[in-house]
Amino acid sequence: MKKDACYGLSRETLQTILDNISYEVYVTNAALDIIYVSKSCYKHYGLKAEEMIGRNHAEFSGKYWYPSVLPLTYVEKRRMCIQQVTVTGETIVSTTVPVFDADGNVRMVVSIVQEEVGDLDMSVSLEAGSQYT
């Protein structure tokens, strides 16, 4: 990747960005090995990212969250979305997005996990004519 492709951002800065978005980012390779998960996984599953990265998705699915459509995403080669329940009792929404190689094979799947909309703080409201509209 060219340095300017990420606007000169360092790996540390990119990691800080990913760890501070309100969604969990969960990435597996074609063997379903977890190659990245952001720190928000702790909130959802009680596990640190370091406890998950390098291990297989099957070790966690069904035990820490259920159901899972991630394996099906590799088969159907399309984006999928599912409501899940976690080991902490939280209801989350997981969207899986396949990433393809040059030959059209699924190289990895990026999952974006968020709390249900009903669980989010929606208390901010902007008045009409506000300087922010």
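Numbering starts at 1 and runs along the sequence shown.
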Determine, stepwise, if the pair H44 / E115 fulfils side-chain contact (heavy atoms from CB on, under 4.5 Å). CA-CA 9 Å; H44 295 145; E115 293 83 16; 3.2 Å; yes
Using the side chain to side chain contact (heavy atoms under 4.5 Å, CB included) criterion, which residues pair with Q83? Sequence neighbours excluded.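 Partners of Q83 by the side chain to side chain contact (heavy atoms under 4.5 Å, CB included) criterion, ordered by chain and then number, come out as T91, E116.
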Hits for side chain to side chain contact (heavy atoms under 4.5 Å, CB included) against D19, two or more places apart or cross-chain, chain-then-number order -> Q15, Y36, S38, K39
Can you see which heavy atom on [X] is nearest to which on [Y], and at what distance?
X: M52; Y: V37; answer: CB-CG1, 4.1 Å
X: T73; Y: R78; answer: CG2-O, 3.3 Å
X: L18; Y: I21; answer: O-CG1, 3.3 Å
X: P98; Y: K77; answer: CG-C, 3.9 Å
X: T86; Y: I92; answer: CG2-CD1, 3.5 Å

If you round to the nearest 0.5 Å, how far is [atom2] of [Y] from [atom1] of [X]?
X: Y42; Y: T88; atom1: OH; atom2: OG1; value: 10.5 Å
X: I53; Y: C41; atom1: CD1; atom2: SG; value: 7.5 Å
X: S22; Y: K43; atom1: OG; atom2: NZ; value: 8.5 Å
X: I34; Y: M108; atom1: CD1; atom2: CE; value: 14.5 Å

Residues which pass side chain to side chain donor-acceptor pair (under 3.5 Å) with R55, listed by chain and number, not counting sequence neighbours: E59
Under the side chain to side chain donor-acceptor pair (under 3.5 Å) rule, collect the residues that match up with Y74, sequence neighbours excluded.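 For Y74, the residues satisfying side chain to side chain donor-acceptor pair (under 3.5 Å) (neighbours in sequence not counted) are T28.
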So, do S94 and V69 sit near enough that their side-chain heavy atoms are less than 4.5 Å apart? no
Side chain proximity check, V110 to T96, heavy atoms < 4.5 angstrom: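 The answer is no, as the side chains (C-beta and beyond) never meet within the 4.5 Å cut-off.
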Counting only heavy atoms not in Y66 (residues, nucleotides, ligands), do more than 12 fall under 6.0 Å from its OH? no
Between [X] and [Y], is there shared hydrophobic-cluster membership here, with clusters defined by ILVMFWY side-chain heavy atoms closer than 4.5 Å?
X: Y26; Y: L47; value: yes
X: L32; Y: F60; value: yes
X: V93; Y: I82; value: no
X: V27; Y: I112; value: yes
X: Y23; Y: M80; value: no

For the backbone of N105 and the side chain of D103, can you confirm whether one donor and one acceptor N or O come within less than 3.5 Å of each other?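 Answer holds: no.
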Whether the side chain of N56 engages the backbone of A58 through a donor-acceptor N/O pair (distance < 3.5 Å, no angle test) should be reported. yes
Going by salt bridge (Lys or Arg N to Asp or Glu O under 4.0 Å), name the residues that satisfy it together with E51, two or more places apart in sequence or in a different chain. none
Carboxylate-amine/guanidinium proximity below 4.0 Å for K48 and E50: no
What residues form a ring-ring contact (aromatic ring centres under 6.0 Å, His included) with Y45, not counting sequence neighbours?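 So Y45 forms a ring-ring contact (aromatic ring centres under 6.0 Å, His included) with W65.
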Any chance you could lay out the side-chain contact (heavy atoms from CB on, under 4.5 Å) test for R79 and T95, step after step, and finish with the verdict? CA-CA 7 Å; R79 186 180 99 144; T95 302; 3.9 Å; yes
For the pair S10 and T13, evaluate side-chain hydrogen bond (donor to acceptor under 3.5 Å, both in side chains) and give the outcome as yes or no after the intermediate values. CA-CA 5 Å; S10 68; T13 300; 3.0 Å; yes
